[in-house]
Amino acid sequence: MIESLLAAKTAEAIRLLYGQEIPAESINIEKTRKEIPGDYTLVVFPFLKISRKSPLETATAIGAFLKDEIPYIAKFEIINGFLNIFLSDEFWISFLQKEATEAHFGMTAEKGEVPVLIEYSSPNTNKPLHLGHIRNNLLGFSLARILQANGEKVFKLNLVNDRGIHICKSMLAYERWGLNETPETSGMKSDHLIGKYYVLFNKKFKEEVKALVHQGIKEEDAEKQAPMMLEAQEILRKWEDHDQETHALWQKMNNWAYEGFDQTYARLGISFDKIQHESDTYLSGKSIVMKGLEEGHLQSKPDGSVWADLRDEGLDEKLLLRSDGTSVYMTQDLGTAELRFNEFHPSRMIYVVGNEQNYHFDVLKRILKKLGKPWAENIFHLSYGMVELPEGKMKSREGTVVDADDLMDEMYQTAEETTRELGKVNDFTEEEATTLFNQIGLGALKYFILRVDPRKNMLFDPKESIDFNGNTGPFIQYTHARIRSLLRKAHESNRWTEQEMTGDVNRELSFIAPGAQEKQLLKILYRFPESVKEAGITYSPAIIANYVYELAKSFNQFYQEVPVLKEEKPELVSLRLLLSFATAEVIRKCMNLLGIDVPERM
RNA sequence: GGCCUGGUAGCUCAGUUGGAUAGAGCAACAGCCUUCUAAGCUGUGGGUCGAGGGUUCGAAUCCCCCCCAGGUCACCA
């Protein structure tokens with residue numbers, strides 16, 4: 001990286017010129033602002049106290065030193081206290097030829113055997129996936145790819161919440177009103193069938209509560225006393241007692257849910273390395289809690305309940321075992337965390353979970369530390385914001401959710417309409433067209449969600465969100481398709497070889513000064529590896545999304561203003577083809593990190 | 001009420017290890033297709049970066065205080 005070289009040499013300059021040691025890491029080399037000529041900028045104000053000279057004198061001295069020491073520097077200019085450094089054309093040409101067109105440019109090969117665990121998705125089996133899950137799934141999947149690109153060995157986990165009172169509610173409604181309906185007889189997607197009964201439960205339950213309230217019972221109490229709630233709790237007890245009939249129904253309905261989820265995952269294009277079920281892990285936390293109690297890290301109360309006391313850390317007490325000895329959510333997570341640690345010995349465990357659970361994960365870490373687990377430090381909660389609709393929050397009970405499958409259908413339809421209107425698929429086969437509509441529809445959806453900083457809440461307006469112009473997925477896909485088309489044309493006219501078409505590019509360039517447009521693109525391409533790194537450090541696919549938009553936009557400007565195949569000088573044609581190729585490759589890689597396909601034509 | 005996030009153009013979002021005149025897209029308006037894909041490009045208008053104070057050569061960015069919005073503080077998950 002040229003920045004670190006510049007920083008190191010600047011430190012050296014200050015040592016030799018002014019006799020003061022400054023760590024190179026503390027020196028900030030910035031990219032020169034777009035409107036100002038130059039490639040990199042050193043702000044000299046911080047050094048004035050050391051140099052005891054004017055900004056101009058200080059910048060001149062440092063600039064001269066750098067230019068002598070670093071052959072890549074062509075010249076420098078000083079504006080106020082800003083030392084603007086110009087890299088030579090040779091530097092940029094060499095970068096394009098040697099690095100940017102390399103197959104592994106920006107990608108780090110897997111470095112070790114110690115995995116990073118990423119848990120994401122983690123659906124409940126009582127209802128189909130909705131928009132909130134989509135954000136979760138896309139973030140988790142993209143993050144996995146980003147960490148892989150940073151050389152990490154990644155293990156993707158999905159912990160399915162397949163037990164508990166909420167599942168019993170669907171089961172109860174199905175038993176009572178289901179008439180043995182199946183996905184086949186109903187013609188419904190299997191997870192939607194389950195969702196139907198969950199909604200039905202809530203509807204009937206509400207009626208019961210209303211009736212009780214009418215009799216003069218307080219709403220809070222009515223909710224606890226309602227016969228349906230009591231019955232659902234009874235089903236849960238039977239389930240925990242391994243009642244055969246209950247388990248059979250539970251199994252049957254859960255399988256429907258899985259079947260539906262698998263279809264949705266496949267369509268979304270995401271996957272997991274391992275699926276864990278809460279029904280298998282939910283008991284595992286109990287033993288650590290008991291051990292913690294014996295060792296005096298946890299406390300029991302007279303009624304037999306067990307608590308972690310976090311009051312000295314500014315938090316409250318946290319229940320870990322109920323008075324009847326059963327475990328709560330936190331207990332399960334303690335157990336699951338230890339199971340995972342023992343199985344994988346990961347360097348980090350990342351949980352992709354919504355920000356409404358910030359407190360939960362804060363407490364989880366603190367309790368694990370209290371229990372003497374040193375690896376608690378390696379737990380990271382990737383806390384993402386909620387997706388809001390124009391009307392406000394989504395509520396699954398009130399049917400105000402945006403269903404994942406419906407949304408993908410809509411995206412597909414809009415993609416198809418728009419694409420047909422533009423006449424883009426006139427010479428496509430039906431199969432090719434279908435693939436393209438999927439790519440565009442999903443590309444728009446995924447990009448729309450991933451370009452926003454994960455931790456922020458975001459607004460999803462169904463009408464405005466399905467846009468294919470401007471800062472959108474299809475815009476970037478289109479840029480890629482444009483370049484590929486250019487390369488195909490170049491191939492037809494024998495200016496891009498068969499071998500190069502396969503991505504194996506190793507072309508010697510004669511030194512030609514890149515123009516302003518070319519240089520602008522080269523500078524953005526040069527930043528690709530650092531963007532990947534930064535996205536990995538901050539766990540933020542949004543960094544990649546915003547980077548690739550900037551790249552695509554810059555390419556379109558270049559494409560508009562500079563001829564490639566119509567250029568007369570063969571050396572320039574060669575340079576521009578190489579630049580276009582490198583851009584397409586980086587676009588493809590970025591989109592791949594986001595889990596988005598790029599078409600060859602559109 | 002305590003704790004945690006966030007507040008940037010009409011709308012959706014970038015930019016926050018302190019740097020030069022705060023950027024994109026959408027929406028509005030005006031241009032550019034006999035020339036490599038117009039899902040594109042160019043231009044115009046639009047901002048007290050929630051308010052106020054402080055730190056310094058320099059603050060959207062750091063500190064303090066206040067306002068607003070969301071989340072959370074269950075023997076729910």
Side-chain angles (χ1 to χ4, degrees), chain A residues 25-26 28 30 32-36 41 43 45-46 48-49 55 79-82 84 122 124 161 163-166 278 301 303-307 314-316 318-330 332-333 354-360 362-363 383 385-386 388 390 392-393 415 418-419 421-422 424 440 444 448 451-453 455-461 464-465 467-479 481-490 493 542-543 545-547 549-550 552-553 555-567 576 580 601-602:
Chain A
E25 304 79 55
S26 71
N28 197 9
E30 305 170 21
T32 304
R33 290 180 63 120
K34 232 183 187 172
E35 323 81 67
I36 293 164
T41 296
V43 184
F45 290 113
L48 298 185
K49 276 184 189 148
I79 306 176
N80 299 323
F82 299 89
N84 297 322
S122 306
N124 290 338
N161 187 341
R163 60 161 288 282
I165 190 75
H166 47 288
E278 224 179 83
K301 294 205 169 175
D303 64 1
S305 56
V306 179
W307 300 74
L315 302 179
D316 208 342
K318 182 74 191 176
L319 177 86
L320 296 179
L321 288 178
R322 297 191 185 96
S323 47
D324 64 3
T326 57
S327 31
V328 294
Y329 178 43
M330 183 60 74
Q332 296 174 37
D333 259 7
N355 62 9
E356 71 269 12
Q357 294 197 33
N358 286 353
Y359 183 73
H360 173 81
D362 187 20
V363 170
S383 158
M386 39 190 23
E388 285 160 0
K393 249 187 103 169
T418 311
T419 308
E421 262 171 40
L422 290 170
K424 299 274 188 179
I440 294 173
F448 183 84
R451 62 176 257 251
V452 181
D453 185 335
R455 64 210 167 97
K456 287 191 177 171
N457 287 359
M458 63 177 292
L459 184 85
F460 185 88
D461 185 336
E464 285 179 21
S465 301
D467 196 344
F468 297 163
N469 301 316
N471 189 354
T472 65
F475 169 87
I476 296 159
Q477 291 173 317
Y478 174 71
T479 309
R482 250 183 167 180
I483 299 175
R484 297 303 301 178
S485 165
L486 193 64
L487 294 175
R488 279 193 300 274
K489 290 236 161 80
S493 57
I543 305 246
N546 287 304
Y547 167 80
Y549 171 66
E550 202 185 330
K553 189 172 167 53
F555 182 85
N556 280 323
Q557 287 165 356
F558 161 80
Y559 182 88
Q560 196 78 23
E561 291 170 30
V562 179
V564 178
L565 297 175
K566 298 202 147 80
E567 166 61 43
R576 287 171 187 168
S580 302
R601 294 195 292 158
M602 75 180 266

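Everything numeric here is computed off the predicted structure, so don't read it as measured data. Per chain, numbering begins at 1; letters A, B, ... match sequence-line order.
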Enquirer: At 4.0 Å (heavy atoms only), tell me whether A:A481 reaches a base, stays on the sugar-phosphate, or touches nothing.
Expert: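 Base: the residue A:A481, judged by heavy atoms under 4.0 Å, touches a nucleobase.
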Enquirer: Below the 4.0 Å mark, does B:G25 have OP1 or OP2 next to a side-chain nitrogen or oxygen of A:K553?
Expert: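 Yes, such a contact exists.
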Enquirer: Identify whether any heavy atom of A:T41 sits under 4.0 Å from a base atom; if not, whether one sits that close to sugar-phosphate; answer base, sugar-phosphate or nothing.
Expert: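 Since a base atom lies under 4.0 Å of A:T41, the category is base.
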Enquirer: So does A:R488 get a side-chain nitrogen or oxygen closer than 4.0 Å to the phosphate oxygens (OP1/OP2) of B:C36?
Expert: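 A:R488 to B:C36 OP1/OP2: no side-chain N or O under 4.0 Å.
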Enquirer: Mind checking the P distance from B:G43 to B:G25? Whole angstroms is fine.
Expert: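 Result for the P pair: 10 Å, nearest Å.
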Enquirer: Looking for any heavy atom pair under 4.0 Å, which part of the strands does A:M458 touch: base, sugar-phosphate only, or nothing?
Expert: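 Sugar-phosphate contact only - A:M458 comes under 4.0 Å of backbone atoms but never of a base.
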Enquirer: Does the side chain to side chain contact (heavy atoms under 4.5 Å, CB included) test come out yes or no for A:R601 and A:R484, once each step is laid out?
Expert: CA-CA 7 Å; A:R601 294 195 292 158; A:R484 297 303 301 178; over 6 Å; no
Enquirer: Base, sugar-phosphate, or nothing for A:V306, non-hydrogen atoms under 4.0 angstrom?
Expert: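 Answer is nothing: A:V306 stays at 4.0 Å or more from every strand.
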Enquirer: Quick one: on RNA chain B, does A:F82 or A:N358 contact a more 5' nucleotide (nearest heavy atom)?
Expert: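 Result: A:N358.
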Enquirer: May I ask you to say what A:Q477 touches in the nucleic acid, namely base, sugar-phosphate or nothing, with a heavy-atom cut-off under 4.0 Å?
Expert: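 No contact at all - A:Q477 keeps every heavy atom at 4.0 Å or more from the nucleic acid.
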Enquirer: Applying a 4.0 Å non-hydrogen cut-off, can you work out what A:P46 is touching in the nucleic acid: base, sugar-phosphate, or nothing?
Expert: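 Counting heavy atoms under 4.0 Å across all strands, the contact made by A:P46 includes a base.
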Enquirer: Given pairs defined as Watson-Crick or G-U wobble with both distances under 3.5 Å, what dot-bracket annotation applies to RNA chain B, with ( ) intrastrand, [ ] crossing, | other strand and . unpaired?
Expert: (((((((..((((.....[...)))).(((((.......))))).....(.(((..]....))).))))))))....
Enquirer: Determine whether a donor-acceptor pair (one donor, one acceptor, N or O, separation below 3.5 Å) exists between the side chain of A:T419 and the base of B:A39.
Expert: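 Such a pair is found, so the answer is yes.
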Enquirer: Which sits closer to the 5' end of RNA chain B, A:L486 or A:E388, going by the nucleotide each is nearest to?
Expert: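 Checking each residue's closest nucleotide, the 5'-ward one belongs to A:L486.
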Enquirer: If the cut-off is 4.0 Å, is A:N28 near the phosphate of B:G18, judged by side-chain N/O to OP1 or OP2?
Expert: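 Looking at the OP1 and OP2 atoms of B:G18, neither is under 4.0 Å from any side-chain N or O of A:N28.
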Enquirer: Using a heavy-atom cut-off of 4.0 Å across all strands, would you classify A:N80 as base, sugar-phosphate, or nothing?
Expert: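 Counting heavy atoms under 4.0 Å across all strands, no contact is made by A:N80.
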Enquirer: For a quick test of reading the model: is some side-chain N or O of A:Y559 closer than 4.0 Å to OP1 or OP2 of B:U37?
Expert: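 Yes, such a contact exists.
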Enquirer: Does B:G40 have OP1 or OP2 sitting under 4.0 Å from an N or O in the side chain of A:R482?
Expert: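 Answer no for this pair, as no side-chain N or O of A:R482 is under 4.0 Å from OP1 or OP2.
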Enquirer: Would you classify A:V452 as touching base, sugar-phosphate or nothing, given that sugar-phosphate means primed atoms plus P, OP1 and OP2, and contacts are heavy atoms under 4.0 Å?
Expert: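 The residue A:V452 makes sugar-phosphate contact but no base contact.
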Enquirer: Quick one: A:Q560 CD to B:C32 C1', roughly how many Å, whole number?
Expert: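 So the two atoms are 8 Å apart, to the nearest Å.
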Enquirer: How would you label the contact of A:F468 with the nucleic acid (heavy atoms, under 4.0 Å): base, sugar-phosphate, or nothing?
Expert: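 Contact class for A:F468: base.
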Enquirer: Are the ring of A:F45 and the six-membered base ring of B:G19 within the stacking cut-offs of under 5.5 Å and under 30°?
Expert: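 Here A:F45 meets both the 5.5 Å and the 30° conditions.
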Enquirer: Taking the P atom of each, how far is B:C26 from B:U17, in whole Å?
Expert: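 That atom pair is separated by 28 Å.
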Enquirer: Is there a donor and acceptor pair closer than 3.5 Å between the side chain of A:K456 and the base of B:U5?
Expert: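 Counting by modelled atom types and ignoring angles, no donor-acceptor contact under 3.5 Å is found here.
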Enquirer: Test A:Y478 against A:F475 for ring pair (Phe, Tyr, Trp, His ring centres under 6.0 Å), laying out the working first.
Expert: CA-CA 5 Å; A:Y478 174 71; A:F475 169 87; 7.7 Å; no
Enquirer: At 4.0 Å (heavy atoms only), tell me whether A:L459 reaches a base, stays on the sugar-phosphate, or touches nothing.
Expert: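 Answer is sugar-phosphate: A:L459 comes under 4.0 Å of backbone atoms only.
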Enquirer: How far does the C1' atom of B:C33 sit from the matching atom of B:G40, given to the nearest Å?
Expert: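 Comparing C1' positions in B:C33 and B:G40 gives a spacing of 10 Å.
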Enquirer: Enter syn or anti for the glycosidic conformation of B:C33, syn applying to angles within 90° of 0.
Expert: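 Nucleotide B:C33 adopts syn.
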Enquirer: Starting from P on B:U5, measure out to CG on A:N355 and report it in whole angstrom.
Expert: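 Whole-Å distance recorded here is 11 Å.
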Enquirer: At under 4.0 Å, does any side-chain N or O of A:K318 touch on OP1 or OP2 of B:A74?
Expert: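 For B:A74, neither OP1 nor OP2 has a side-chain N or O of A:K318 closer than 4.0 Å.
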Enquirer: Looking at A:S485, does any N or O in its side chain come under 4.0 Å of the phosphate oxygens OP1/OP2 on B:U37?
Expert: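 Answer yes for this pair, as a side-chain N or O of A:S485 is under 4.0 Å from OP1 or OP2.
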Enquirer: B:A77 phosphate, OP1 or OP2: any side-chain N/O from A:Y329 under 4.0 angstrom?
Expert: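 Looking at the OP1 and OP2 atoms of B:A77, neither is under 4.0 Å from any side-chain N or O of A:Y329.
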Enquirer: Reckon A:F475 touches a base, only the sugar-phosphate, or nothing at all at heavy-atom distances under 4.0 Å?
Expert: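 Result for A:F475 = sugar-phosphate.
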Enquirer: Categorize A:L48 for me: base, sugar-phosphate, or nothing, with a 4.0 angstrom heavy-atom threshold over every strand shown.
Expert: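 The answer is nothing, as A:L48 stays clear of every strand by at least 4.0 Å.
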Enquirer: How would you label the contact of A:D316 with the nucleic acid (heavy atoms, under 4.0 Å): base, sugar-phosphate, or nothing?
Expert: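 Result for A:D316 = nothing.
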Enquirer: Could you tell me whether the phosphate oxygens of B:G23, OP1 or OP2, come under 4.0 Å of any side-chain nitrogen or oxygen in A:R33?
Expert: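 So the side-chain polar atoms of A:R33 do come within 4.0 Å of the phosphate oxygens OP1 or OP2 of B:G23, strictly under.
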Enquirer: Looking at B:G71, I'd like to know if its phosphate oxygens (OP1 or OP2) sit under 4.0 Å from a side-chain N or O belonging to A:Q357.
Expert: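 So the side chain of A:Q357 is outside the cut-off, no N or O lying under 4.0 Å from OP1 or OP2 of B:G71.
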Enquirer: Could you check, using the six-membered ring where one of them is a Trp, whether A:F448 and A:F460 have ring centers closer than 6.0 angstrom?
Expert: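 Ring centroids of A:F448 and A:F460 are less than 6.0 Å from each other.
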Enquirer: Taking only N and O in the side chain of A:R322, is any of them less than 4.0 Å away from OP1 or OP2 of B:C76?
Expert: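 Yes, such a contact exists.
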Enquirer: Ignoring hydrogens and angles, answer whether the base of B:A20 and the side-chain atoms of A:N84 contain a donor-acceptor pair closer than 3.5 Å.
Expert: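 Present.
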Enquirer: Considering every strand and a 4.0 Å limit on heavy-atom distances, what is the contact class for A:V328: base, sugar-phosphate, or nothing?
Expert: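 Counting heavy atoms under 4.0 Å across all strands, the contact made by A:V328 is with sugar-phosphate only.
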Enquirer: Would you mind telling me which of B:C76, B:C75, B:C41 lies closest to the side-chain atoms of A:I165?
Expert: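 In terms of side-chain proximity for A:I165, the closest of B:C76, B:C75, B:C41 is B:C76.
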